[in-house]
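Given the structure is predicted, the values throughout are model-derived calculations rather than measurements.
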Amino acid sequence: MCAVKVSLLLAAFCLWLRCSSADKFGVLNEHLRSNLTKPNGAAVNISLYYESLCPGCRQFLVGELMPTFFMLSDIMNVELVPFGNAQEKQSAGKYEFICQHGEEECQGNMIETCMLNKMGDFAYLVINCMEMSKDVLNAAKPCTDLFSDTPWKTIDSCVNGDEGNKLMHQNAMKTGELKPPHEYVPWVTVNGEHTDELQDKAMSSLFNLVCSLYKGEKPAACTLGMKGKRGSFC
């Protein structure tokens with residue numbers, strides 16, 4: 001695993017646990033490095049279709065998806081698709097969006113979409129930081145400054161320009177092409193598939209689901225396990 005991804009994983013896990021500075025550079029570093037494996041099987045692909053201000057989406061992203069990804073990033077891939085139950089219409093050559101939780105959610109969806117396009121893997125850190133904050137929108141710039149080298153003006157330009165509009169339309173198209181069509185959010189697909197059983201397993205313990213589906217040599221973290229719990233929906 002490349003040094004950047006290791007650093008990303010370590011920093012993210014510290015954020016999740018609210019580690020002390022000593023932990024960041026000491027015991028935790030060694031513990032996480034010991035869990036990294038050289039994958040010898042196909043990665044498990046997890047896609048999350050969500051909304052930036054949906055309480056159930058935020059709960060799943062912060063409480064299940066990101067912690068699992070930070071611990072098992074060597075055996076899984078994560079795709080985030082911010083759009084969810086929003087609607088779009090075309091007007092004067094651009095797309096207008098109507099979101100379930102209002103205009104602020106549309107703004108949050110757009111910000112996170114641009115982050116995913118501009119920041120690479122560091123977008124996961126920034127989005128996790130935003131979604132675990134009390135005020136998602138106001139956390140966007142501070143989280144960007146903390147966890148990414150991408151200038152905020154790059155994100156802001158994307159959000160307020162044609163590029164962000166087109167990227168959000170792509171999310172709308174991708175969400176609309178789901179089979180079966182999504183009925184709520186968070187909506188999870190596993191290796192491109194959605195079933196009630198997979199959704200329930202992902203919501204109760206995504207960590208255990210990924211470990212059980214991975215066909216290669218299991219990383220050490222998979223032996224620890226996690227207790228299941230129920231999520232909520234929008």
Is any side-chain heavy atom of [X] closer than 4.5 Å to a side-chain heavy atom of [Y]?
X: Met66; Y: Met132; value: no
X: Ile111; Y: Ser52; value: no
X: Asn165; Y: Phe97; value: yes
X: His194; Y: Leu178; value: no
X: Leu61; Y: Pro186; value: no
X: Leu65; Y: Leu206; value: yes

Of all residues at least two apart in sequence or in a different chain, which pass the side chain to side chain contact (heavy atoms under 4.5 Å, CB included) check with [X]?
X: Lys174; answer: Tyr49, Glu79, Val81
X: Asp135; answer: Leu137, Asn138
X: Gln170; answer: Leu167
X: His169; answer: Glu88, Tyr95, Met173

Determine, step by step, whether Phe60 and Val188 satisfy the side chain to side chain contact (heavy atoms under 4.5 Å, CB included) criterion, reporting the C-alpha distance in whole Å, the side-chain angles of both residues, the deciding distance to 0.1 Å, and the verdict. CA-CA 10 Å; Phe60 177 74; Val188 180; 3.8 Å; yes
[X]: side-chain hydrogen bond (donor to acceptor under 3.5 Å, both in side chains) partners, not counting sequence neighbours:
X: Glu197; value: Lys201
X: Thr189; value: none
X: Thr150; value: Ser148
X: Gln100; value: Glu51

Which salt bridge (charged side-chain N to carboxylate O under 4.0 Å, His left out) pairs, counting each pair once, include a residue from residues 151-169, with sequence neighbours left out?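 Non-adjacent pairs meeting salt bridge (charged side-chain N to carboxylate O under 4.0 Å, His left out): Lys94-Asp162, Lys118-Glu163.
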Should Ile98 and Met110 be regarded as members of a common hydrophobic cluster, given that ILVMFWY residues are connected when their side-chain heavy atoms come within less than 4.5 Å of each other, either directly or indirectly?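 No; Met110 is not reachable from Ile98 via cluster members.
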Spacing of [atom1] belonging to [X] relative to [atom2] belonging to [Y], to within rounding of 0.5 Å:
X: Asn85; Y: Glu105; atom1: CG; atom2: CD; value: 8.5 Å
X: Ile155; Y: Asn160; atom1: CD1; atom2: CG; value: 11.5 Å
X: Asn109; Y: Glu104; atom1: CG; atom2: CD; value: 12.0 Å
X: Asn128; Y: Ser133; atom1: CG; atom2: OG; value: 9.0 Å
X: Met168; Y: Cys114; atom1: CE; atom2: SG; value: 7.5 Å
X: Thr68; Y: Ile46; atom1: OG1; atom2: CD1; value: 8.5 Å

Candidate pair Glu112 and Leu80, rule side chain to side chain contact (heavy atoms under 4.5 Å, CB included), full reasoning: CA-CA 9 Å; Glu112 294 183 3; Leu80 299 179; over 6 Å; no
Can you tell me if [X] uses its side chain to pair, donor with acceptor, with the backbone of [Y] under 3.5 Å?
X: Glu131; Y: Val136; answer: no
X: Asn77; Y: Asn45; answer: no
X: Ser157; Y: Thr154; answer: no
X: Gln107; Y: Val159; answer: no

Could you list the donor-acceptor pairs under 3.5 angstrom formed by side chains in residues 139-147, with sequence neighbours left out?
| from | atom 1 | to | atom 2 | distance (Å) |
| --- | --- | --- | --- | --- |
| Lys141 | NZ | Asp145 | OD2 | 3.0 |
| Thr144 | OG1 | Ala140 | O | 2.8 |

Taking CD in Glu96 as the centre, count heavy atoms belonging to other residues, nucleotides or ligands within less than 6.0 Å. Is the count above 12?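 For Glu96, atom CD is crowded (more than 12 foreign heavy atoms under 6.0 Å).
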Take atom CG in Asn40; do more than 12 heavy atoms of anything else shown fall under 6.0 Å from it?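 More than 12 heavy atoms, drawn from other residues, nucleotides or ligands, come within 6.0 Å of this atom.
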Which residue pairs pass the disulfide (SG to SG under 2.5 Å) test with at least one member in residues 60-106, sequence neighbours excluded?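 Found Cys99-Cys106.
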Does His182 have any ring pair (Phe, Tyr, Trp, His ring centres under 6.0 Å) partners at least two apart in sequence or in another chain, and if so, which? none
Just do the side chain to side chain contact (heavy atoms under 4.5 Å, CB included) check on Val44 and Val190 with the steps written out, would you? CA-CA 7 Å; Val44 179; Val190 181; 4.2 Å; yes
